[in-house]
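This report refers to the structure that appears directly beneath it.
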Amino acid sequence: MSHVGYVLGLADDALVAAQRLGEWCSRAPEMEEDIALANIALDQLGVARMLLTYAGELEGAGRTEDDLAYLRSAHEFRNVRLVELDNGDFAVTMAKLLFLSVYQRLLYDRSIGVGDERVAAVAAKARKESAYHVDHSSRWVVRLGDGTEESNERMQAAVDLVWPYTDQLFEVDPDVHALSVAGVIVDPSTLRPAWLAAVDAVLAEATLTRPLDSDSSVVRRGEHTEALAKLLAEMQVLHRAHPGARW
Amino acid sequence: MYGNDFAPLLEQVDSAERDLQQAAGRDVAAGADLQGYFDTIVAADQKIEPRDWMPEAYRKTLIRQIAQHAHSEIIGMQPEGNWISRAPSLKRKAILLAKVQDEAGHGLYLYAAAETLGISRDELVEMLIDGRQKYSSIFNYPTLTWADVGAIGWLVDGAAIVNQVPLCRCSYGPYARAMIRVCKEESFHQRQGFEILHTLSHGTPEQKAMAQDAVDRWWYPSLAMFGPPDGDSTHSERSMAWKIKRFTNDELRQRFVDMCVQQAGILDLRIPDPDLRWDEARGQHDYTQPDYDELMRVIKGDGPCNQERMEHRRRAHSDGAWVRAAARTYAEKRAKNAV
């Protein structure tokens, strides 16, 4: 994976997560939660915009954040499958958010001193937001896991459903590894032990069981579920209907 | 920007805020004559606070009005929320998300203001869901294109500001304070709507047509937001006497029309009223009244989206029931363990 591909991966994770979280708006279980989910969506969108702009500059073909968001097809998106999965019920959304935000927090924390100064600058801003996302999703996973019988069942089912998609966050890629050895960026594959420790602690407090890891080989970034093409069809429909228009 | 600011109105918000702070410093002596004390406070343009005695009808009127306003913010998230997923640029998506999030926040402050009158948010939400309380009829119209997001910002939020700025001087303190906060944010909403329409109107021919179509559909429903004409308004007179309301429906509607005419020129969009013209003698515009029979039909539940809006809210509420139950149970367990 190239340097641009790496930056696009971070950007697309955030963009697709924002799109999914935005779907909750006016549908959340409490009004406070409508505000919280919109806030997290806005944080993710903000990171996505900065990184997409940067990816466009790195690529050097003159593409803007909107060109990259609206005019690429599903197979050109670099996000992990975890973020594109349907929202499901509130438990599924919180499982997705916990797994993603713990990963993002670790990644941003460790990216603060990297050689890629643009990534480092975005990470410095985003890590504070990520800490809040981790806090928010952890509290909900614990409340739901250790709440009623129904909520415990739903939360466990959500963790079981989403768990197999977490491997992809830690994909091993030789180019990324080389860049990380040179101190340019952080290699996500090194984050797994710290991620597991953090997630395990939340699951334990929530009285939930961590699913067994599957033996299947890791799916590479760029491979998607059916959900992404549908998500993009909706996200891009208006922009693509008016080529070249300003908004 | 573009000479569109509701600046004079917003100055009124600031001056209402200053007066409110001063009023808090003054004191009228409370005696045994409760009604007399209440009347004196209202007459002196001071604020009635939750601890004060107030006539039961005043309390009920305020609960009805503040709740309706809160419900409108919550239901109002739907028509614009409809376009978050399809916003045509990432910048617009971010602005719209922030705006709809603000509306949820306004709903929360307003429910909190209503709660000072001795009713709980849960009770109010129940009354919304079972149809005993209303929300603004404007949100029963559909958002068919992206330009509708612009038209809602320009016209619907514009009308809301014209309606709400005088409420910053309402005699009930918690409502006045909530309105000051709400109005400051609404001005940003109105401006983003104006900007969306301005960009569309100066874009491609398709975009311009989209903008004009949205203004054509939202103009009269926006005029109807000010309520029935003064002669038919059931609650107006008493609310004016209590200084909950400061201007009549027709006065506010006229003010709104006069502001919009000038802005429509800058937008290069046509207000869909062939009889709209400046009346030199009155120093105001003559305009065609909205269809008040339609307003009554929509209020009674027979608008284009009443069922959808209510169904959406009921579903969100019932889908979230297990989450709220889990949060309650978890909190109870924690409280028990802490003992």
Side-chain angles (χ1 to χ4, degrees), chain A residues 15 18-39 41-42 45-46 48-49 52 64-66 68-70 89-91 94 139-140 142-152 154-155 231 234-247, chain B residues 70 73-94 96-105 107-108 111 121 125 145-146 196 199-200 202-204 206-207 210 312-313 315-317 319-334:
Chain A
L15 177 61
Q19 181 75 5
R20 281 291 184 225
L21 289 166
E23 292 173 11
W24 272 101
C25 201
S26 81
R27 291 179 173 81
E30 280 283 14
M31 290 168 214
E32 286 81 356
E33 197 56 29
D34 262 321
I35 296 179
L37 292 175
N39 211 45
L42 274 168
L45 185 55
R49 293 182 62 191
L52 284 174
T64 64
E65 58 172 22
D66 284 340
L68 288 166
Y70 290 96
D89 66 6
F90 189 68
M94 285 301 125
R139 285 168 188 262
W140 270 118
V142 170
R143 264 183 222 122
L144 297 178
D146 193 16
T148 61
E149 199 179 327
E150 180 186 6
S151 71
N152 174 273
R154 283 180 185 256
M155 196 62 239
L231 177 147
E234 182 173 351
M235 186 176 96
Q236 298 175 338
V237 61
L238 177 59
H239 185 98
R240 287 192 183 226
H242 298 266
R246 282 181 54 249
W247 298 97
Chain B
E73 297 283 357
I74 297 301
I75 298 288
M77 294 168 72
Q78 292 179 40
E80 290 178 281
N82 177 34
W83 283 92
I84 290 173
S85 65
R86 293 171 290 171
S89 72
L90 296 184
K91 180 180 161 201
R92 290 286 175 211
K93 189 190 288 289
L96 184 57
L97 248 171
K99 184 188 173 199
V100 179
Q101 184 193 29
D102 280 351
E103 280 156 13
L108 285 182
Y111 282 122
R121 183 171 112 189
V125 168
T145 72
W146 169 252
I196 288 175
T199 306
L200 292 175
H202 296 82
T204 66
E206 290 82 5
Q207 286 178 307
M210 195 193 286
H312 181 111
R313 186 87 299 267
R315 198 180 321 125
H317 192 69
D319 284 355
W322 70 273
V323 177
R324 296 190 299 276
R328 268 194 309 275
T329 304
Y330 176 77
E332 284 160 14
K333 283 188 202 176
R334 298 304 297 243

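In what follows, chains carry the letters A, B, and so on, assigned in the order in which the sequence lines appear, proteins first and then strands, with residues in each chain numbered from 1. Computed from heavy atoms alone, side chains included, the values below leave out hydrogens, waters and symmetry copies.
Only the side chain of Leu45(A) comes within less than 4.5 Å of a heavy atom in chain B; its backbone stays farther off. Using a 4.5 Å cut-off between heavy atoms, Ala241(A) does not touch chain B at all. For Leu37(A), no part sits under 4.5 Å from any heavy atom of chain B, backbone or side chain. For Glu23(A), no part lies under 4.5 angstrom from a heavy atom of chain B. For Phe90(A), the parts lying under 4.5 angstrom from a heavy atom of chain B are both the backbone and the side chain. Contacts of Leu231(A) with chain B are absent, with no heavy-atom separation under 4.5 Å from either backbone or side chain. Contact of Arg154(A) with chain B is made through the side chain alone, with heavy-atom distances under 4.5 Å. Of the atoms belonging to Asn152(A), not a single heavy atom falls under 4.5 Å from chain B.
With sequence neighbours excluded, no residue satisfies ring-ring contact (aromatic ring centres under 6.0 Å, His included) with Tyr330(B).
The pair Arg324(B)-Glu33(A) does not meet the salt-bridge criterion, since no charged nitrogen lies less than 4.0 angstrom from a carboxylate oxygen.
Judged purely by atom type and a 3.5 angstrom limit, Asp66(A) uses its side chain to pair as donor or acceptor with the backbone of Leu90(B). The backbone N or O of Asp34(A) sits nowhere less than 3.5 Å from a side-chain atom of Gln101(B) that would complete a donor-acceptor pair. Judged purely by atom type and a 3.5 angstrom limit, His312(B) uses its side chain to pair as donor or acceptor with the backbone of Ser26(A).
Of the listed residues Ala94(B), Gly81(B), Ala331(B), Gly203(B), the one with more heavy-atom pairs under 4.5 angstrom with chain A than any other is Ala94(B).
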Starting from the C-alpha separation in whole Å, work towards a yes-or-no answer on side-chain contact (heavy atoms from CB on, under 4.5 Å) for His202(B) and Arg246(A).
-> CA-CA 9 Å; His202(B) 296 82; Arg246(A) 282 181 54 249; 6.0 Å; no

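Atom-to-atom distance recorded for Ile35(A):CD1 and Met77(B):CE is 7.5 Å, nearest 0.5 angstrom.
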